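Before any comments, here is the structure.
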Number of protein chains: 2
Amino acid sequence: MKSSNNNDARYFSIDKYSCSVEATIDVIGGKWKSVIIYYLLDGKKRFNELKRLNNGITQRMLTLQLRELEADGIIHREVYREVPPKVEYSLTEFGQELRPLILMLKSWGMNNTEKVIENRSKYTNKLK
Amino acid sequence: MKSSNNNDARYFSIDKYSCSVEATIDVIGGKWKSVIIYYLLDGKKRFNELKRLNNGITQRMLTLQLRELEADGIIHREVYREVPPKVEYSLTEFGQELRPLILMLKSWGMNNTEKVIENRSKYTNKLK
DNA sequence: CAGGATCCTATCGGATACTG
DNA sequence: CAGTATCCGATAGGATCCTG
């Protein structure tokens, strides 16, 4: 979470969403969230583990995204009082309900990303 | 599209995506795209029609999002040479392949948005 | 190890005015 | 009607340094 003030756009009411598609995207959208959830589908992960899996994400962004997912009730954050510290992230039961959705995102991407890339370059060339 | 220069982040190769989930989100993510696609599921729509349906979207943003969806091969833009001008947007065959995904986004949102909102406010209060 | 705190830039996205 | 063009503030996101 960015801060605890109530101006945060994430804390508007349900009326904020004119379409429920938008609401779902608000939960799993953004550059990293759906990928984080994807990696949590097969079990809990530690902070640095997630950082390695999400190639290129910075500590700051990972922290922010994890906090938002936690706030939405999608993931659980378990802190072990040890030295050195150990924190494990896992999907909540509620978060598990995203499984079919995330798997479909994965599947669509595997089947169609190449075509998208190809379309984009064709379109760019057509503009010239 | 923002411009025709090749620095545009959208024109990186497939290697840009470390996970295919990320690639899919790049196509349907953002604040408006999935909603636009949702409204196109039941047939072609004109520009201002989409503008009205996407409550609050500005002309500028609608144009930008439509151009990107067109570049990715998701939608088709049909221009009628009339006065006043008439432009119709529709899903391509490729875009139709997103149907199950979009419907699942819609369905998840309908079933779970209230709980998300509730979780968020609980979380915020816990922080105080 | 798992972050918090700062600082900074780039992109997102809105407001307004104009046009073929 | 369906856009462009321009300006601007807000937010996303990265780099770096610090710490229990």
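Just so we're on the same page: letters track the sequence lines, and every chain starts at 1. All values derive from a computational prediction rather than experimental measurement.
Other residues, nucleotides and ligands place no more than 12 heavy atoms under 6.0 Å from the CG atom of A/Asn55. Taking a 6.0 Å sphere around CD of A/Glu93, one finds it holds 12 or fewer heavy atoms contributed by other residues, nucleotides or ligands. Crowding of A/Glu78 atom CD: a count of heavy atoms from other residues, nucleotides or ligands under 6.0 Å exceeding 12.
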Side-chain polar contacts of residues 37-44 of chain A - donor-acceptor pairs under 3.5 angstrom, sequence neighbours left out - could you list them?
residue, atom, partner, partner atom, Å
A/Tyr38, OH, A/Lys106, NZ, 3.4
A/Asp42, OD1, A/Lys45, NZ, 3.1

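Listed pair B/Tyr89 / D/dG3 meets the phosphate criterion, a side-chain N or O lying under 4.0 Å from OP1 or OP2.
Considering only residues two or more places apart in sequence or on other chains, B/Phe94 meets the ring pair (Phe, Tyr, Trp, His ring centres under 6.0 Å) condition with A/Trp108. Applying the salt bridge (charged side-chain N to carboxylate O under 4.0 Å, His left out) criterion to A/Glu97, with sequence neighbours excluded, gives no partner residue.
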### Query
Are A/Glu118 and A/Lys122 close enough, and set up right, to give a side-chain contact (heavy atoms from CB on, under 4.5 Å), and what steps lead you there?
CA-CA 6 Å; A/Glu118 187 190 322; A/Lys122 272 189 202 159; 3.4 Å; yes

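Looking at heavy-atom distances under 4.0 Å, A/Tyr80 makes no contact with the nucleic acid at all. Using a 4.0 Å heavy-atom criterion, one finds that A/Arg81 contacts no nucleic acid atom at all.
Taking five base pairs at each end of the helix from C/dC1-D/dG20 to C/dG20-D/dC1 and finding the rotation axis that steps the C1' atoms of four pairs onto the next four gives two axes whose angle is 60°, to the nearest 10°.
Following rounding to the nearest Å, A/Arg52 (CZ) and C/dG3 (P) show an atom-to-atom distance of 14 Å. A straight line from CG of A/Leu66 to C1' of C/dG3 spans 11 Å, rounded to a whole angstrom. A/Ile75 has its CD1 atom 14 Å from the C1' atom of C/dA2, to the nearest Å. When the P atom of D/dC1 is taken as reference, atom CG of B/Leu62 falls 14 Å away, rounded to whole Å. Going from atom NZ of B/Lys86 over to atom C1' of D/dG3 covers 17 Å, rounded to whole Å. With rounding to whole Å, B/Glu88 atom CD is found 9 Å from D/dA2 atom P. Between B/Arg67 atom CZ and D/dA2 atom P there is a gap of 12 Å when expressed in whole angstrom units. Rounded to whole angstrom, the span from the CD1 atom of A/Ile36 across to the P atom of C/dA2 amounts to 14 Å.
For the atom pair A/Lys115 NZ and B/Asp72 CG, the distance stands at 12.0 Å (nearest 0.5 Å). Interatomic distance, A/Arg52 CZ to A/Ile57 CD1, rounded to the nearest 0.5 Å: 13.5 Å.
Minimum interatomic distance between A/Asp26 and A/Lys33 (heavy atoms only, all atoms of both residues): O-NZ, 3.9 Å.
No side-chain heavy atom of A/Tyr89 sits less than 4.5 Å from a side-chain heavy atom of A/Leu62. Contact check for B/Ser34 versus B/Ile102: side-chain heavy atoms found under the 4.5 Å cut-off.
Considering only side-chain atoms of B/Gln65, the nucleotide from D/dG13, C/dG13, D/dA2 that sits closest is C/dG13.
Of the residues in residues 42-50 of chain A, those lying under 4.0 Å from DNA chain C by heavy-atom distance are A/Arg46, A/Phe47, A/Asn48.
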## Note on the structure
In B/S/- notation (B base, S sugar-phosphate only, - none; protein heavy atoms under 4.0 Å), nucleotides 14-20 of chain C written 5' to 3' is BB----B

